[in-house]
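Just so it is clear, the structure is predicted and the values come from calculations on it, not from any experiment. All chains are named by letter (A, B, ...) in the order of the sequence lines, taking the proteins before the strands, and each is independently numbered beginning at 1.
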Amino acid sequence: MEINMLELNSQLKCLTKAGDLRSARNLFDRLPHRDEISWTTMISGYVNASDSSEALSLFSKMWVAPCVRMDPFILSLALKACGLSVDVKFGEMLHGYSVKTGLVSSVFVGSAMLDMYMKNGRVFDGCRFFDDMPLRNVVSWTAIITGLVRAGFNSQGLSYFAKMWRDGVDYDSYTFAIALKACADLEILNYGKEIHARTMKKGVDTTSYVANSLATMYNKCGKLEYGLRLFGNMSKPDVVSWTSIITTHVQRGQEQQGIDSFLRMRECDVCPNEYTYAAVISGIANIARLDWGQQLHAHVLQVGLAGSLSVANSLMTMYSKCGNSNSASIIFHEMTVRDVISWSTIIAGYSQGGCGEEAFELLSWMRREGPKPTEFALSSVLSVCGSMAILDHGRQIHAYALTVGLDQTAMIRSALINMYSKCGSIAEAEKSFSMSENDDIVSWTAMINGYAEHGYSQEAIGLFEKICHVGLRPDSVTFIGVLSACSHVGLLDLGFHYFDSMTNEYRINPSKEHYGCMIDLLCRAGRLREAENMIRSMPFERDDVVWSSLLRASREHGDVECGRIAAEHLLQLDPDCAGTHITLANIYASTGKWREAADVRKLMKSKGVIKEPGWSWIKVKDQVSAFVSGDKSHTQAEDIYNILELLASKEELTIQDLASILYVSEG
DNA sequence: AGTTGACGAG
């Protein structure tokens, strides 16, 4: 009998290890006799396959089976199953049973119990249980640290990590991995480096989990090149390593390299998973390559990963960034499970796509039925309020952010400053800015840009000069603000001083936008030749914005030659642009070159170019009205034009004047 | 012949 059981149990083990649970179960069910080891092997097969319901149902059968004694092996497996299925009720029952039988003192049972509470989100119960454990090993310590870190209590996790050392328990690769994740989430590079040194001392720094965690830590702390170098030392990067490589490239703005890495990983026969697809799809989103995005969408549908949260979320981002809000919306509505990221993503997509109303609708739907909005969703709708200039809505969102305690997050603060200044209330923007801590360059940038847009150039420049005194560093966007402020008041020398300091002092490569500010500055000063030279020396391919600046300036300064050159470049990029034709014609006309002007008009006609009139809109009494230049379709059109004429004729009209005119016209 | 803990997503 003894020999027979040994033989059968090994067979059972072979089958579960190979993942053939059906044959294993077949053999198990036909066994003439089942001992503790048979039960353990079978249950562990289900637990390893994450089939917690089958594991627990088998456990209940064993509970009532005769001649089987409960032991720590089976109990820890059952607890693990409770952690997997998030079944805290059954877990608590097992806790009571373990205390009654004394099995709770087994370090295996204890560690599994602790992990069960942590996985069920009962962090406090887990910690209390850990403090009462009679015996703890490296697994128990790692379990408590993991639970804390996963719940976002990173510092508490690290304090257990330090306590563990003082208790004389040695770290292993599991412990290092989770401690490094805590450092990554807290972005504390120095402690991360210290742990890196310890992993090297132990000789585990090149093992998959540790190397991946180290790379993540360096990436999150902004040391991207360091993180990438670590992968070079790995003998065989696994799927997580490849995913991190792709993510790092995408974060650095090297999308093409990210996509290349994705292709290289497939050549190395590493199979991508949901996180890998999410990473490469976000890369594709950044460069707005709809065709590649659609290919990957089809591909994830084929491999059955389209339903995964991270994949669906990144697909929504991709479609939104490609200007396809409709496809993003279809994905969102078809999702059976949505997390807070899904909601924030679709709201941001609508906001950036100019679908302000849909963004508001989604936010109220989220507030009714979804998770609590975070700063991501709120800052998106604040930007909608700014671009649509609806101050009342903006104030309401501000009030909501206050009540949920998000108003002092950096993201909301800068979004509020932007919203208020875009809505024309620079005073409220200043108030939001003055209430903020001095630790956030994004808010400073928003305020500088707000001042610049409102023509308060001196204030913008003054604020920029203060940045260094509070220990901050201007970034690329900050420079756009201060350069456009210089451009508005024509401070040519100061503008060039800041522009040069970008590369010399701050090591920031000027982007198209920075060049645009400088070219504007030169144009306003009438230095059209220098502007043209600067455009030609720019290290960028498509530069229609700057050529049209030059074209407009040529019109103002009556420079036919410059205007012709600028228009030529613009028409190469967009041959049917009505504005370019008209401005060029006006330049010729204003300098008396009537024949050339007429030629341009004829050219327009032959190409069939039609000038679309510009639209504007205004909100009056909760109703948005659109109007267009020359429009006479409004029922009170005559009154409107009368008032317009009065406004144009009189230098200064008071609000009282306007009110009396309106009163008269409304009868 | 059997048991516990880890890294990657907006």
Engineer: Taking atom types as they are modelled, is there a donor-acceptor pair under 3.5 Å from the base of dG5(B) to the side chain of Asn137(A)?
Structural biologist: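 Donor-acceptor pair under 3.5 Å: no.
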
Engineer: Considering every strand and a 4.0 Å limit on heavy-atom distances, what is the contact class for Asn313(A): base, sugar-phosphate, or nothing?
Structural biologist: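 No contact.
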
Engineer: Remember a base hit wins even if backbone is also touched, and classify Ser106(A) as base, sugar-phosphate or nothing at under 4.0 Å, heavy atoms.
Structural biologist: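 Nothing: the residue Ser106(A), judged by heavy atoms under 4.0 Å, touches no strand.
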
Engineer: Quick check: Trp141(A) with Phe161(A) (ring centres under 6.0 Å apart)?
Structural biologist: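 No, the ring centres sit 6.0 Å or more apart.
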
Engineer: Counting only side-chain heavy atoms from C-beta out, which of dG10(B), dG5(B), dT3(B) sits nearest to Ile341(A)?
Structural biologist: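 Of all the options, the side chain of Ile341(A) is nearest to dG10(B).
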
Engineer: So, under a plain 3.5 Å distance rule, would you say the side chain of Asp172(A) forms a donor-acceptor pair with the base of dG5(B)?
Structural biologist: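 Indeed, a donor on one side and an acceptor on the other fall under 3.5 Å apart.
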
Engineer: Is Tyr209(A) stacked on the base of dC7(B), meaning ring centres closer than 5.5 Å and planes within 30 degrees of each other?
Structural biologist: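 Stacking between Tyr209(A) and dC7(B): absent.
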
Engineer: Classify the nucleic acid contact of Thr317(A) as base, sugar-phosphate or nothing, counting any heavy atom under 4.0 Å across all strands shown.
Structural biologist: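 Sugar-phosphate contact only.
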
Engineer: Using 4.0 Å as the upper bound for N to carboxylate O, is an ion pair formed by Asp131(A) and Arg128(A)?
Structural biologist: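 Judged by the 4.0 Å cut-off on N to carboxylate O distance, Arg128(A) and Asp131(A) do not form a salt bridge.
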
Engineer: Any idea which of dT3(B), dG10(B), dA1(B) is nearest the Phe73(A) side chain?
Structural biologist: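 Looking only at heavy atoms from C-beta outward on Phe73(A), the closest nucleotide is dT3(B).
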
Engineer: Between atom OH in Tyr117(A) and atom C1' in dT4(B), what is the gap in whole Å?
Structural biologist: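 Going from Tyr117(A) (OH) to dT4(B) (C1'), I get 16 Å.
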
Engineer: Rounded to whole angstroms, how far apart are CE on Met217(A) and C1' on dA6(B)?
Structural biologist: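 My rounded result for the distance is 16 Å.
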
Engineer: Which part of the nucleic acid, if any, lies within reach of Val109(A) when heavy atoms closer than 4.0 Å are counted: base, sugar-phosphate only, or nothing?
Structural biologist: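 Result for Val109(A) = nothing.
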
Engineer: From CG of Leu180(A) over to C1' of dG8(B), roughly how many Å is that when rounded to an integer?
Structural biologist: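 My rounded result for the distance is 14 Å.
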
Engineer: When all nucleic acid strands are considered with a 4.0 Å heavy-atom cut-off, which category describes Ser213(A): base, sugar-phosphate, or nothing?
Structural biologist: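 Sugar-phosphate contact only.
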
Engineer: Hey, does Asn273(A) reach any base, or is it just sugar-phosphate, or nothing, if we go heavy atoms under 4.0 Å?
Structural biologist: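 Since a base atom lies under 4.0 Å of Asn273(A), the category is base.
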
Engineer: What is the distance, to the nearest angstrom, from the CG atom on Asp170(A) to the P atom on dA6(B)?
Structural biologist: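 Between P of dA6(B) and CG of Asp170(A): 19 Å.
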
Engineer: I need the minimum non-hydrogen distance between Leu309(A) and Ser342(A), along with the two atoms involved.
Structural biologist: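 Scanning both residues, the minimum pair turns out to be CD2-OG, 3.6 Å.
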
Engineer: State whether Ser282(A) places a side-chain N or O below 4.0 Å from either non-bridging phosphate oxygen (OP1 or OP2) of dG10(B).
Structural biologist: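 True: Ser282(A) side-chain N/O within range (under 4.0 Å) of dG10(B) OP1/OP2.
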
Engineer: Going by the side chain to side chain contact (heavy atoms under 4.5 Å, CB included) test, name the single residue among Leu301(A), Ile259(A), Val280(A) that passes it with Leu296(A).
Structural biologist: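 Result: among Leu301(A), Ile259(A), Val280(A), Val280(A) is the only option passing the side chain to side chain contact (heavy atoms under 4.5 Å, CB included) with Leu296(A).
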
Engineer: When the distance from OH of Tyr171(A) to P of dA6(B) is rounded to whole Å, what number comes out?
Structural biologist: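 About 18 Å, once rounded to whole Å.
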
Engineer: Atom CG of Leu79(A) to atom P of dG2(B): distance rounded to whole Å?
Structural biologist: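 Value for this atom pair: 20 Å.
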
Engineer: Please determine, for the side chain of Lys13(A), which listed nucleotide (dG5(B), dA1(B), dC7(B)) has the closest atom?
Structural biologist: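 Closest nucleotide among those given: dA1(B).
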
Engineer: Nearest to the side chain of Ile37(A), which nucleotide is it out of dG2(B), dT4(B), dG8(B)?
Structural biologist: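 Of dG2(B), dT4(B), dG8(B), dG2(B) is nearest to the side chain of Ile37(A).
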
Engineer: May I ask you to check whether Phe262(A) and Trp242(A) place their ring centres under 6.0 Å from each other?
Structural biologist: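 Distance test on ring centres: not under 6.0 Å, no.
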
Engineer: Tell me whether the side-chain N/O atoms of Arg34(A) come closer than 4.0 Å to OP1 or OP2 in dA1(B).
Structural biologist: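 For dA1(B), neither OP1 nor OP2 has a side-chain N or O of Arg34(A) closer than 4.0 Å.
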
Engineer: So, is Lys80(A) close to the dG5(B) phosphate, meaning a side-chain N or O under 4.0 Å from OP1 or OP2?
Structural biologist: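 Checking Lys80(A) against dG5(B): at least one side-chain N or O falls below 4.0 Å of OP1 or OP2.
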
Engineer: Could one point to a donor on the side chain of Thr40(A) or the base of dG2(B) with an acceptor on the other under 3.5 Å away?
Structural biologist: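 Answer is yes: a donor-acceptor pair is held.
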
Engineer: Report the relative orientation of the aromatic rings in His299(A) and Tyr277(A); use parallel for angles under 30°, tilted for 30 to 60°, perpendicular for over 60°.
Structural biologist: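 Ring orientation of His299(A) relative to Tyr277(A): tilted.
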
Engineer: Looking for any heavy atom pair under 4.0 Å, which part of the strands does Val239(A) touch: base, sugar-phosphate only, or nothing?
Structural biologist: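 Base, at least one base atom sits under 4.0 Å.
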
Engineer: Identify whether any heavy atom of Arg136(A) sits under 4.0 Å from a base atom; if not, whether one sits that close to sugar-phosphate; answer base, sugar-phosphate or nothing.
Structural biologist: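 No contact at all - Arg136(A) keeps every heavy atom at 4.0 Å or more from the nucleic acid.
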
Engineer: Counting only side-chain nitrogens and oxygens, does Lys181(A) get under 4.0 Å of the OP1 or OP2 atom of dG8(B)?
Structural biologist: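 Affirmative; the distance criterion is met.
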
Engineer: Is Tyr174(A) stacked on the base of dA6(B), with ring centres under 5.5 Å apart and planes under 30° apart?
Structural biologist: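 Stack criterion met.
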
Engineer: Check the distance between dT3(B)'s P and Leu135(A)'s CG and give it to me in whole angstrom.
Structural biologist: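 Spelled out: CG on Leu135(A) to P on dT3(B) is 19 Å.
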
Engineer: When you measure only distances, ignoring hydrogens and angles, does the side chain of Thr142(A) come within 3.5 Å of the base of dG5(B) through a donor and an acceptor?
Structural biologist: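 When only heavy-atom distances are counted, Thr142(A) does reach the base of dG5(B) through a donor-acceptor pair under 3.5 Å.
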
Engineer: Gln11(A) near the nucleic acid: base, sugar-phosphate alone, or nothing, with a heavy-atom cut-off under 4.0 Å?
Structural biologist: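 No contact.
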
Engineer: Can you name the one residue among Trp63(A), Phe59(A), Phe28(A) that meets ring pair (Phe, Tyr, Trp, His ring centres under 6.0 Å) with Trp39(A)?
Structural biologist: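 When Trp63(A), Phe59(A), Phe28(A) are each tested with Trp39(A), the ring pair (Phe, Tyr, Trp, His ring centres under 6.0 Å) holds only for Phe28(A).
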
Engineer: Would you mind telling me which of dG5(B), dG10(B), dT4(B) lies closest to the side-chain atoms of Ala112(A)?
Structural biologist: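 Closest nucleotide among those given: dT4(B).
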
Engineer: Between atom CG in Leu228(A) and atom P in dG8(B), what is the gap in whole Å?
Structural biologist: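 Rounded to whole Å, this separation is 16 Å.
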
Engineer: NA contact type, Ile178(A), heavy-atom cut-off 4.0 Å: base, sugar-phosphate, or nothing?
Structural biologist: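 If one applies the 4.0 Å heavy-atom cut-off, Ile178(A) turns out to touch the sugar-phosphate alone, with no base involved.
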
Engineer: Looking only at side-chain N and O atoms, does Arg150(A) come under 4.0 Å of OP1 or OP2 in dA6(B)?
Structural biologist: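 Answer is yes, contact under 4.0 Å.
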
Engineer: Is there a stack between Phe108(A) and dT4(B), judged by ring centres under 5.5 Å and planes under 30°?
Structural biologist: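 No, aromatic ring not over the base.
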
Engineer: Can you check whether any acceptor in the base of dT4(B) is under 3.5 Å from a donor in the side chain of Ser76(A), or vice versa?
Structural biologist: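 No.
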
Engineer: Kindly point out which of dA9(B), dA1(B), dG5(B) is positioned nearest to the side chain of Ser10(A)?
Structural biologist: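 It is dA1(B).
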
Engineer: Please determine if Glu225(A) and Arg229(A) form a salt bridge, counting it only when a charged side-chain N lies under 4.0 Å from a carboxylate O.
Structural biologist: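 The answer is no: the pair does not qualify as a salt bridge.
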
